[in-house]
Amino acid sequence: QVQLVESGGGLVQAGGSLRLSCAASGRTFSIYRMGWFRQAPGTEREFVAFINWSGGSTAYADSVKGRFTISKDNARNTVYLQMNSLKPEDTAVFYCASSLRIRSGTRAYEYDYWGQGTQVTVSS
């Protein structure tokens, strides 16, 4: 199993920045990809970004391209999401997830393990 713990959420004004962290533990050698998703009240969980654990290839949702950057530190088994130019519509609970399989990477059902989530609130 893989355990994931997110941190770094909080309240920020529009235009500000936050950096989320996700620390993985357990069978981290089995991870193929790490992803970030978010879910606002009354909406479905949506893809934000992913990074391949070994090669480092990344992908982003169109809504965050150019503003968010996903990165990793394999030595620390940690994935980061740097969020800049935040907008009120970015307000959501952000979840870190790990996938053990090769899939598209943009669908929540493709991920095997999830963190507990961290709240990000952007005020206007």
Side-chain angles (χ1 to χ4, degrees):
Q1 291 210 351
V2 176
Q3 294 79 41
L4 303 172
V5 178
E6 302 102 332
S7 61
L11 174 64
V12 64
Q13 287 189 332
S17 299
L18 282 174
R19 188 177 82 155
L20 305 183
S21 299
C22 174
S25 60
R27 298 172 64 88
T28 58
F29 60 85
S30 63
I31 295 174
Y32 173 72
R33 173 175 288 155
M34 296 288 291
W36 285 99
F37 287 75
R38 64 186 181 185
Q39 188 168 19
T43 69
E44 293 188 354
R45 196 165 295 190
E46 67 169 353
F47 168 72
V48 174
F50 75 65
I51 187 166
N52 287 350
W53 196 240
S54 293
S57 297
T58 61
Y60 297 90
D62 287 342
S63 59
V64 306
K65 275 181 185 174
R67 301 189 297 124
F68 291 9
T69 302
I70 190 170
S71 63
K72 63 185 177 69
D73 183 337
N74 288 85
R76 295 174 183 260
N77 287 329
T78 300
V79 172
Y80 304 97
L81 185 68
Q82 177 66 43
M83 305 186 294
N84 299 328
S85 302
L86 282 161
K87 305 174 182 179
E89 51 264 44
D90 293 317
T91 295
V93 176
F94 281 70
Y95 296 91
C96 172
S98 65
S99 174
L100 310 183
R101 300 164 289 172
I102 301 174
R103 293 290 188 270
S104 76
T106 61
R107 297 176 177 84
Y109 68 79
E110 296 171 344
Y111 289 77
D112 304 284
Y113 299 100
W114 291 84
Q116 81 287 353
T118 185
Q119 177 70 47
V120 171
T121 303
V122 185
S123 62
S124 57

Measuring from atom CD of Gln119 to atom CG of Leu11, what distance do you get when rounded to the nearest 0.5 angstrom?
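Nearest 0.5 Å value for the CD-CG distance: 9.5 Å.
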Between CG on residue Leu81 and CD on residue Glu6, distance to nearest 0.5 Å:
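So the gap between those two atoms works out to 11.0 Å.
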ring-ring contact (aromatic ring centres under 6.0 Å, His included) partners of Tyr111, counting only residues at least two apart
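In terms of ring-ring contact (aromatic ring centres under 6.0 Å, His included), with neighbours along the sequence ignored, Tyr111 is linked to Phe37.
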Between the side chain of Ser99 and the main-chain N/O of Glu110, is any donor-acceptor distance below 3.5 Å?
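The answer is yes, because a donor-acceptor pair under 3.5 Å joins these two groups.
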Got a donor-acceptor contact below 3.5 angstrom from the Glu46 side chain to the Arg38 backbone?
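Side chain of Glu46 to backbone of Arg38, a donor-acceptor pair under 3.5 Å: no, none is there.
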Please set out all donor-acceptor pairs under 3.5 angstrom arising from side-chain atoms of residues 15-29, sequence neighbours excluded.
{"residue": "Ser17", "atom": "OG", "partner": "Asn84", "partner atom": "OD1", "Å": "2.9"}
{"residue": "Ser25", "atom": "OG", "partner": "Gln3", "partner atom": "OE1", "Å": "3.4"}

More than 12 heavy atoms of other groups within 6.0 Å of Arg101 CZ
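Counting other residues, nucleotides and ligands, CZ of Arg101 exceeds 12 neighbours.
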Heavy atoms from other residues, nucleotides or ligands near CD of Gln116 exceed 12 (cutoff 6.0 Å)
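For Gln116, atom CD is crowded (more than 12 foreign heavy atoms under 6.0 Å).
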Could you see if [X] belongs to whatever hydrophobic cluster contains [Y]? Use Ile, Leu, Val, Met, Phe, Trp, Tyr and a side-chain cutoff under 4.5 Å.
X	Y	value
Phe47	Phe68	no
Leu4	Phe94	yes
Val79	Tyr60	yes
Leu100	Trp36	yes
Tyr80	Ile31	no

So, are Lys65 and Asp62 salt-bridged, with charged N and O less than 4.0 Å apart?
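So Lys65 pairs with Asp62 through a salt bridge.
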Taking every non-hydrogen atom, the tightest pair across Ala14 and Ser124:
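Minimum heavy-atom separation between Ala14 and Ser124: CB-CA, 4.4 Å.
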May I ask you to test the [X]-[Y] pair for a side-chain heavy-atom distance under 4.5 Å?
X	Y	value
Met83	Val120	yes
Trp114	Cys96	no
Gln1	Asp112	no

Compile the donor-acceptor pairs under 3.5 Å between side chains in residues 48-59 and protein atoms, sequence neighbours left out, one pair per line.
{"residue": "Asn52", "atom": "OD1", "partner": "Arg33", "partner atom": "NE", "Å": "2.7"}
{"residue": "Asn52", "atom": "OD1", "partner": "Arg33", "partner atom": "NH2", "Å": "3.1"}

